[in-house]
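Bear in mind the structure is a predicted one, so any value in this text is a computation, not a measurement. Ligands are counted one by one from 1 in listed order, and the atoms in each one are counted from 1 as well.
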Amino acid sequence: MRTIDLRSDTLTLPSQEMRNAMAMAEVGDDVFGEDPTVNRLQEKIKELTGKEAALFVSSGTQANQISINAHTQPGDEVICEARAHIFNYEAGSPAALSGVQLHPIYGKYGILDADEVEQAIRPSDHHFPQTRLIEIENTHNRWGGTIYPMAEIKKLRRVAKKYKIPFHMDGARLWNAAVASGISIREYARQVDSVSLCFSKGLGAPVGSAVAGSKKFIERAHYYRKMYGGGMRQAGILAAAALYAIEHNFERLSEDHRRARVLAEAINGIPGFVIDLHTVETNIVIIDTSLNRRSAAEIVEELKENGVKMIAFSPTRIRAVTHLHITDEDIAKTIDVMKQLSN
Ligand code: TLP
C-alpha cells in the first residue's frame, strides 16, 4: 500500500531531472566565494527579492538565526507572533546563539496588530531590554499557511521605521504566499529589511535556504554563517537543485493550494472534525479534533494504519500539508480514510 505522506512539504524528494541538474553543476569552493552555481543562485535571489545581496545557507532555521544575530546584540528583544517558528521550533536558538529574548504577541491567523506591536516596543530606559527586531512569518506555518495581508505588513513596516527597528520576514514559504496572492516576492521583500526563503519545502529541493537584505546586512550574516559552521565548500551541487526548483516547481504550487482546499472543505464536512476554512489559503490544513472522541495523536495513529500520515500539532490539532508528491487520488483516498474516523 502506498503511504500518502501529508506530514510536511519538507518530505519532497528530488526528481531525476533535479538530480541531473545537481550532477552536472559547475562547482568551486564557496567559502572562497568561488562556486559559480552558488553565485548564480545568490544572483537569482537578489533579482527575485530586489535586495542588494543574498546568501545561500543550509536551512530555514540557519537563515532565521543568522538574521537575528546580524540584527541584534545580546540582551536585546525580538517581537514575534506567539506561534512563530522562531519561537516554537528553532530549539531555543535566539537565546542560545544570539543571547536575545523573544517577546511573543498573539495575533489571530498569525497576523500581528501594528498598534499592539507599537505598544510592546520598550522605552529607552536602563530597566528594559531594547527592542531590536520585529519578525513576521509569511506564510504562517502554525496558523495553517496563512498569508500576511500586504496592508498589515505595511502598517508594521511604518512602526518599524518610526522606531528604527529592523524588520525580518521568515519567508520559508513566501513562494506559496506569492503564488496564492499574486503579489510578487519582490513586493513582499521590499517591505522588510531582511527575508529568508526555503528551497527545501514546497519547491522540492533537498537542502537549502537563502537570506536577502542590504549589503551591510549580508556581510554580517556571512560572518555568522561562518561562525555557525554553515560555510559549505562545493555547495553548487545543492544550489543547482534550488535553481532547478525555482524554475520548475514555483508556479505549480497553486496545484498544492487547490488540493489543500479540496481536502479542507471535505474534512470540514465530516462530524468530529472542524477546519477554519479562512486559514486554508495555501498548502497547509489544520484540523481541529476537539469534537472527536479520539485525541489528535490517536487519530494520527489510526490514519497511519490506513496508509495516511499527518502530524499531531497539539492534543486537539492535526496538520496536513500538500506538496509535489500528492495527487488528486491521494486527496480522495485521504478523505475516505478520514470519514472512517468521524464521530
Ligand atoms: N518547518 C517544519 C518544522 O520545523 C515545523 C515544517 O515541517 O513545517 N520557518 C518556517 C515557517 C518553517 O515552517 C520552517 C520548517 C523553518 C523556518 C525551518 O526550516 P528548516 O527545517 O530548513 O530549518
Side-chain angles (χ1 to χ4, degrees), residues 5-14 55-69 78 80-94 96-97 102 104 107 109-112 133 135-148 168-178 180 185 188 192 194-212 221 224-225 228-230 232 235 238-239 241-242 245 253 256 260 279 281-286 296 300 309-314 317-326:
D5 203 337
L6 294 159
R7 286 174 301 164
S8 184
D9 47 9
T10 59
L11 290 152
T12 42
L13 303 175
L55 188 68
F56 183 51
V57 301
S58 61
S59 69
T61 301
Q62 191 175 71
N64 286 333
Q65 294 309 319
I66 65 174
S67 300
I68 291 173
N69 223 332
V78 175
C80 65
E81 203 279 322
R83 292 185 184 174
H85 198 275
I86 60 162
F87 183 49
N88 293 286
Y89 294 118
E90 299 193 7
S93 48
L97 303 176
L102 300 182
Y109 301 128
I111 314 302
L112 290 170
L133 186 65
E135 193 264 0
I136 60 171
E137 193 173 308
N138 192 18
T139 64
H140 200 299
N141 181 354
R142 233 182 126 74
W143 270 100
T146 46
I147 300 170
Y148 236 95
H168 175 74
M169 182 185 285
D170 175 349
R173 295 187 181 82
L174 192 57
W175 313 100
N176 298 80
I185 300 259
Y188 280 120
V192 292
S194 57
V195 59
S196 60
L197 294 158
C198 288
F199 308 117
S200 60
K201 310 217 157 43
L203 289 193
V207 179
S209 295
V211 281
Y224 287 111
R225 186 184 76 173
Y228 290 12
M232 298 184 281
L238 302 175
L253 290 172
D256 299 341
T279 66
E281 295 183 300
T282 56
N283 66 329
I284 300 180
V285 179
I286 305 283
V300 163
K309 287 188 179 172
M310 294 186 192
I311 281 186
F313 241 30
S314 80
R317 289 161 83 235
I318 292 174
R319 184 184 77 165
V321 186
T322 55
H323 54 75
L324 207 47
H325 305 323
I326 300 298

| said: Checking a contact table here: which protein heavy atom is nearest atom 22 (O) of ligand 1, and how many Å away? | reply: Gly60 N, 2.9 Å

| query | So do Ile66 and Leu55 actually touch side chain to side chain, heavy atoms under 4.5 Å? | reply | yes

| Side chains of Asn141 and Arg319, donor plus acceptor under 3.5 Å | yes

| Side-chain contact, heavy-atom cut-off 4.5 Å: Val321 with Met310? | no

| request: Give the residue, atom name and distance (to 0.1 Å) of the protein heavy atom nearest atom 12 (C) of ligand 1. | output: His85 CD2, 3.2 Å

| query | Is Arg173 near ligand 1, meaning one of its heavy atoms is under 4.0 Å from it? | reply | yes

| request: Among all protein heavy atoms, pick the one closest to atom 7 (O) of ligand 1 and tell me residue, atom and distance. | output: Ser8 OG, 2.7 Å

| message | Pairs of nitrogen or oxygen atoms closer than 3.5 Å, one from Asn141 and one from ligand 1: do any exist? | response | yes

| message | For a quick check under 3.5 Å, do Asn64 and His168 share a side-chain donor-acceptor pair by atom type? | response | yes

| task | Can you pull out the closest protein heavy atom to atom 9 (N) of ligand 1? Residue, atom name and distance to 0.1 Å, please. | result | Asp170 OD2, 2.7 Å

| remark: min-distance protein heavy atom vs atom 23 (O) of ligand 1 -> Thr61 OG1, 2.6 Å

| message | Between Arg225 and Gln62, is there a side-chain heavy-atom distance shorter than 4.5 Å? | response | yes

| query | So, do Val57 and Tyr228 sit near enough that their side-chain heavy atoms are less than 4.5 Å apart? | reply | no

| field | Verdict with reasoning, Arg173 to Asn283, per side chain to side chain contact (heavy atoms under 4.5 Å, CB included) | value | CA-CA 10 Å; Arg173 295 187 181 82; Asn283 66 329; 4.1 Å; yes

| task | Could you establish whether Arg319 and ligand 1 come within less than 4.0 Å of each other, counting only heavy atoms on the residue side? | result | yes

| task | Identify the protein heavy atom lying closest to atom 11 (C) of ligand 1, giving its residue, its atom name and the separation to 0.1 Å. | result | Glu137 OE2, 3.3 Å

| query | Would Lys201 count as a contact of ligand 1 if the rule is a heavy atom under 4.0 Å away? | reply | yes

| With atoms numbered from 1 as shown, which atoms in ligand 1 lie under 4.0 angstrom from a non-hydrogen atom of Ser59? | 22 (O), 23 (O)

| query | Is it true that the side chains of Gln65 and Thr61 contain a donor and an acceptor less than 3.5 Å apart? | reply | no

